[in-house]
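Letters go in sequence order (proteins before strands), and every chain restarts at 1.
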Amino acid sequence: MGSLRDVLSPFTAWKHVIETPVTIRNPIGREAADGYRGFHQNDIEKCIGCGSCEVICQNAAIDMVPVSDPVDGDSGLRPKIDYGRCCWCALCVDVCMTGSLTMSNEYTWVDTDPDAFRFIPGVDPKPWDDLEKGYRREGGRVLTGAERVEMGELAPEARIDNFDEIVAGYTREQAMIEADRCVECGLCVATCPAHMDIPDYIAAIREGDYDLGLQILYETNPFSEVCGRVCTHKCETACAARHEGDPIAIRWLKRHIVDNVSEDRRLEIVGTPQTLPTRRKVAIVGAGPAGLTAAYDLARQGHAVTVYEAQDKPGGMMRFGIPEYRLPYAALDRDIAVIAAQGVKIETGVRIGHEITMDRLRAENDAVVLSIGLHIGRSTRIPGTEGGGVETAIDLLRRITAGEEVPVPKQVLVIGGGNVAMDIARSMARLQKVKHGAVGVTVTALEDFAHFLADREEIEESLEEGVEIIDARGPQEVVRFKSGNRKGEVKGLRSWAVTSIFDDKGRFAPQYDQGDERLHPAEMVVEAIGQAADVSILGEDLTEALDWNRGRLAVDVAGRTSEPWLWAAGDAVHGPDVITAVADGHRVAASVGAMLMAMGEVAR
Amino acid sequence: MIRFEPDRSQYPQPGDDGKIEIDLETGKYLKLWHGPNHPGITGNMSVELTLCGDEVVEGKTHVGYLHRGFEKLMERRTFIQVFPIVCRVCVPEPDFNEWCYAQAVEELAGIEAPEMAQWIRTLILEMGRFNSYMMAMGGIGGALGMGVIGQWMTYVRDLMLDRFEEMTGARIYHMFILPGGVRGHLPEGFSERMEEVLQTAERYLADVDKAMFTNAVFKARTKGVGVIDPALFEPYGVTGPNARAGGVAKDLRKDAPYLVYDQLEFEVVTETASDIWARARVRRRDIDVSIALIRQILAKMPKEGPVMAKLPNVLHWKIPRGETYVAGESSRGEYGYYLVTDGSGYPRRVNVRGPSYTHAMALLEHLIPGTNIADVAALMVSLHTYPPEIER
Amino acid sequence: MKTEKLSQMATAEEVIEAVAEFSREAHSFYTDLVPKVTKDIRYLVEDLARAELAHVRMLSDLMKSPDMRDHLKDAIRRPEADRRFSDAVQAPELGDKPDDQQVLQYALAREQVALEEFSELAANTPPGLLHEVFSFLANEETRQKADLEALYYEIVHSGGV
Amino acid sequence: MMRDLHDHLKTRYRLGDLAERRGNLAFVDVERADLRALLVELRDVHGFTHLSLLTAVDWIEEGRFQLTYLMNNRAANRTLGLRVFLDRADPVGDTIHDLWPTAATYQRELREMFGIAFPGSPRVDEEFILEGWTDMPPYRRDFDTLAYSQQTFSDREGRETHDPRSHMAKKLYPEGQR
């Protein structure tokens with residue numbers, strides 16, 4: 001038997017009888033902790049419907065359901081949560097690419113209808129929608145990489161005196177890390193004009209299967225090597241990763257695949273047409289991305305395709321518009337070689353309208369595709385633009401590519417704020433560096449930096465190379481010497497400050513401050529403001545016969561003009577962009593192919 | 001002390017092979033299911049008892065009442081998707097699952113959680129241990145008719161759950177220790193609120209000491225009852241407080257220091273009697289160790305620093321082929337995860353080593369013959385077992 | 001006729017008639033131009049002709065409106081811009097085979113003159129019906145000029161590749 | 001130290017290479033025939049007295065099961081994982097319940113979940129977790145839990161999801177445009 005203490009001390013428990021109860025009288029309505037993981041909230045304006053929440057949910061509690069129409073970078077889908085399955089782990093919140101999905105600290109809700117517990121947060125109104133408290137992940141998203149792998153580039157001093165390619169391309173290790181960041185939502189696919197299977201080829205990189213990657217690229221784009229370098233990468237503006245970090249370097253990853261497949265292997269993988277020749281003939285005018293893509297598709301369908309090119313080399317604007325430091329000619333040649341290997345005949349140095357007329361093309365072929373691009377450089381036509389010392393950027397770029405001698409004065413002024421302006425500025429800078437040992441290029445643009453048309457990286461690289469960029473200047477006059485031995489030569493550009501370029505509706509309505517006038521000294525003025533197609537090759541009769549739509553050839557969705565034998569594609573129809581031209585080429589080829597097929601049926 | 005000694009002459013005698021032949025047809029025996037629904041059972045399990053008089057001649061443990069095939073489920077979830085389900089392997093002390101799994105994944109993937117995360121993980125594990133012991137104290141009291149102990153302990157545990165709630169966003173399944181680190185820092189003023197909880201706990205524990213450990217009835221019912229011969233510890237895989245109650249000073253926190261335990265000062269609590277009382281006492285004293293550790297961690301831990309390592313994209317996270325075993329000292333003993341990877345995005349095999357696996361199966365079945373039916377509940381509860389970690 | 005216009009004061013009827021004349025001239029100018037330009041830019045000239053015709057109609061409706069009739073004889077100060085206004089009517093500076101850019105530049109110049117004319121008229125007339133009419137017409141011209149500017153930017157400044 | 005032990009044991013047992021995971025954890029392949037003697041030596045000579053766990057891994061592609069015996073020397077803080085491979089077509093392991101009685105539980109579970117036989121292990125054929133289970137041992141890799149649950153349970157009505165990529169394709173460029 002224990003001591004007396006052992007018998008008595010348990011009775012001390014009785015003291016609790018007079019204590020206030022510790023239980024909460026009404027637990028319904030007790031507020032949870034600030035960071036509690038309760039019912040979800042979704043900021044549906046911020047949400048892009050990428051579906052990462054659905055993918056990560058191990059309970060399959062989330063369905064992506066349509067809430068609005070899809071637009072670039074937003075599928076219009078929003079997560080609908082089945083709370084019968086939700087385990088409140090909040091991985092969906094942690095993985096959310098935009099930070100739109102959060103959890104409130106509300107957790108009590110009684111309802112007799114089980115289906116009430118399936119709803120779309122942020123769409124189906126709930127009392128906790130505006131609660132400030134609840135689970136918010138700390139910092140940015142951590143479950144997918146947020147930072148882009150930096151691309152190796154030639155340093156400015158190493159690149160300014162030559163036309164060597166600037167971008168090094170990813171190593172396998174770098175590409176693997178960058179490819180790993182992709183969440184495979186596929187929002188980019190809709191935005192890509194050619195609807196390339198972006199998540200799939202990025203997955204191929206992760207698997208290290210470059211053959212597969214290349215195969216995927218060729219399913220949608222025979223200019224993957226070119227696009228891997230100079231694509232306008234609209235896809236990256238739709239990338240889910242951009243909302244809380246850098247978008248995936250989709251363009252560089254595409255290039256990385258091509259870089260890792262030898263030329264021979266590439267020809268092997270792509271192969272040659274697997275169908276019998278159809279004996280149908282197609283003429284394509286212009287060997288740019290649209291024309292050659294259409295040629296590639298049509299040749300693979302078994303048709304005899306001839307591409308006519310006015311310049312003495314194929315490639316169109318890819319060759320003659322884009323400087324070599326951005327797109328080495330060898331890269332372009334490799335893409336074209338695969339197309340030529342499909343049996344496409346490319347006749348260079350043949351100017352339609354001169355050596356061969358459209359009528360003859362029409363007579364000798366079953367279909368004609370017009371893909372002539374935008375090769376006429378626009379002029380501002382301000383006073384002084386007529387006469388020597390004033391050039392258009394397009395023309396100069398073409399002459400540089402063709403190896404022609406171009407004037408390289410010590411001080412050049414470029415009018416324009418787009419990528420063409422940067423291209424010519426940087427090209428001239430290189431030529432100046434070689435000839436004079438110093439760069440003297442000034443770019444004046446109507447737009448201010450906030451509204452610049454050129455890509456950010458183009459602007460940055462231009463500045464690194466010593467190009468001076470002055471934004472928000474309206475050109476007024478090319479000033480010429482009025483007397484002396486340089487009489488008539490260009491003295492510089494007179495400009496006014498632009499106080500605003502767009503009105504409150506975002507429309508072009510330039511306002512100048514005439515008091516802020518400047519003279520930018522220069523021996524040469526280059527206009528890089530815009531481009532036009534040379535439709536004069538069509539001839540008067542055809543021009544008159546065709547339907548037009550506000551300055552451009554009227555075409556149906558498939559690119560067919562009002563003349564049943566004539567299709568039009570590329571920049572001249574849809575504006576300047578390689579990938580859009582590629583998409584256009586596919587579209588036209590499909591339409592032409594369908595027509596030829598129908599012809600074949602009739603003949604039989 | 002008066003102890004009733006039964007007349008054993010009527011009891012079956014073991015044969016030459018040591019086994020007892022039980023023939024129910026003789027009418028001498030009674031089958032009794034202790035559980036799966038019984039106040040004296042620890043969770044959803046049962047012991048199939050064969051009684052002769054009021055003495056147990058055989059006990060067979062039955063589990064499977066809440067088997068969800070976790071280990072198999074994990075094999076078809078990506079490495080990140082496993083994270084939300086591991087905690088569910090053990091309700092009262094879920095955090096060991098989170099930590100073991102995270103640590104195993106980190107090892108095989110070559111990732112190291114930041115220092116801040118290591119401290120917070122240690123804090124969580126001690127808080128979890130505290131809670132688990134609260135259940136154990138309440139359970140042992142309850143099994144011996146002292147329901148009020150259970151009520152006090154539940155209250156104190158609830159206060160700790162409040163701290164869990166504010167730190168992790170959830171009370172029971174915290175889902176806070178992710179592979180790579182932890183999900184966040186401690187909220188503002190956490191230490192102060194924790195101190196209040198600890199002081200309340202100490203007040204109630206003082207009452208437990210008076211009402212339970214200094215209680216003639218409790219002593220009579222537990223001292224010398226349910227003795228485990230320390231020689232059985234290794235053959236039966238006995239670890240943790242069950243072994244420490246038999247004088248074996250083994251504690252993974254000391255023997256194989258993990259997280260930041262090598263930077264903390266604490267003693268390994270032991271008792272010698274190896275009976276129910278000793279096991280309860282070891283746990284009671286280990287609560288004090290936990291309380292001290294929580295105070296120490298909060299005082300010593302860094303004030304800032306990242307809590308997550310950089311992870312690969314978890315949506316297609318692949319881990320090279322390999323295997324590892326990560327274990328720690330839970331409130332019941334060695335808790336470990338054996339993780340095998342095969343280079344894919346899914347675990348090849350996850351095996352959870354819960355201490356209850358050996359304690360509630362082979363050990364209990366070995367101990368139970370000869371026990372008085374009235375002591376079965378106390379014996380069971382004194383082993384402090386949680387069935388889900390047996391059947392996983 | 002010309003000298004009358006140059007006098008300091010005129011009636012509202014005279015001023016509006018001069019404006020209508022300006023638009024009528026422009027309409028027939030654009031109409032004549034339509035067959036001369038290539039088909040691809042014909043839409044531009046046609047659009048401009050249509051706009052001018054709409055103008056003429058609007059002004060003629062205005063003159064006929066009962067409210068307006070009472071004010072037709074009101075004397076108002078002839079705007080300074082009127083001189084350039086008259087010049088523009090007289091001297092279309094456009095070649096025989098203009099391209100889209102030339103046509104647009106020409107049209108923009110005309111809009112600018114009209115805009116200044118109406119703005120000045122609005123400023124010169126005291127609050128009342130005439131003031132409102134001129135303000136309305138000035139706004140109308142501003143809008144049309146903005147449309148043309150936007151079109152000019154789209155066609156000429158496409159920005160480059 | 002693990003390496004020393006491995007070198008030492010290698011002279012008498014057919015052991016694979018030592019796969020070191022951490023300083024205090026390593027794995028090694030062991031021939032089934034050597035297992036028992038090795039376990040006894042590890043326990044009685046080298047202080048590996050604690051059986052942390054015994055479980056199996058199904059390498060279905062390789063046609064074999066891996067049994068993992070995790071042996072722990074607590075005093076020295078060392079854990080050695082012994083890997084014994086069994087033919088998956090006829091998996092038979094050797095019982096060690098006489099060395100560690102608790103092993104009988106592990107073996108009973110392996111019998112039920114993987115279908116690995118341990119002749120002589122007490123109550124090895126008694127149901128452990130599953131009652132009335134007639135399908136294949138469920139922890140084998142070829143047992144498809146998803147298929148099982150789809151056959152056994154029904155999905156909730158009215159659930160439908162959309163893949164963002166194909167949904168956008170359908171809405172924005174239904175012609176496919178390839």
Contacts of type ring pair (Phe, Tyr, Trp, His ring centres under 6.0 Å), residue A:His303, not counting sequence neighbours: none

Sorted by chain and residue number, the side-chain hydrogen bond (donor to acceptor under 3.5 Å, both in side chains) partners of A:Thr580 (sequence neighbours excluded) come out as A:Asp577

With sequence neighbours left out, what residues match D:Asp144 under side-chain hydrogen bond (donor to acceptor under 3.5 Å, both in side chains)? B:Arg76

Taking 4.0 angstrom as the limit, do A:Asp124 and A:Arg78 come out as a salt bridge? no

So, D:Arg36 and D:Asp94, do they make that salt bridge, N to O below 4.0 Å?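 No, D:Arg36 and D:Asp94 are not salt-bridged.
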
Taking all non-hydrogen atoms of both residues, which atom of D:Phe48 and which atom of D:Asn73 are closest, and how far apart? CD2-N, 3.5 Å

Can you tell me which portion of [X] sits under 4.5 Å from chain D's heavy atoms? Options are side chain, backbone, both or neither.
| X | result |
| --- | --- |
| A:Val71 | backbone |
| A:Cys50 | backbone |
| A:Leu187 | both |
| A:Glu184 | neither |
| A:Ile48 | neither |

Kindly confirm or rule out a cation-pi arrangement of D:Arg43 over D:Trp100, judged by NZ or CZ under 6.0 Å from the six-membered ring centre and within 45° of its axis? yes

Where along residues 111-120 of chain A does a heavy atom come under 4.5 Å of chain D, listed by residue number?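 A:Pro114, A:Asp115, A:Arg118, listed by number.
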
Given the options A:Gly49, A:Gly186, A:Gly84, A:Ser75, which has more heavy-atom pairs under 4.5 Å with chain D than any of the others?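 Option with the greatest count: A:Ser75.
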
Mind checking whether A:Val338 and A:Tyr218 have side chains closer than 4.5 Å, heavy atoms only? yes

Parallel, tilted or perpendicular for A:Trp88 and A:His40, by the 30°/60° rule? parallel

Counting heavy-atom pairs under 4.5 Å to chain A, which of D:Arg159, D:Arg156, D:Glu157, D:Met168 comes out on top? D:Arg159

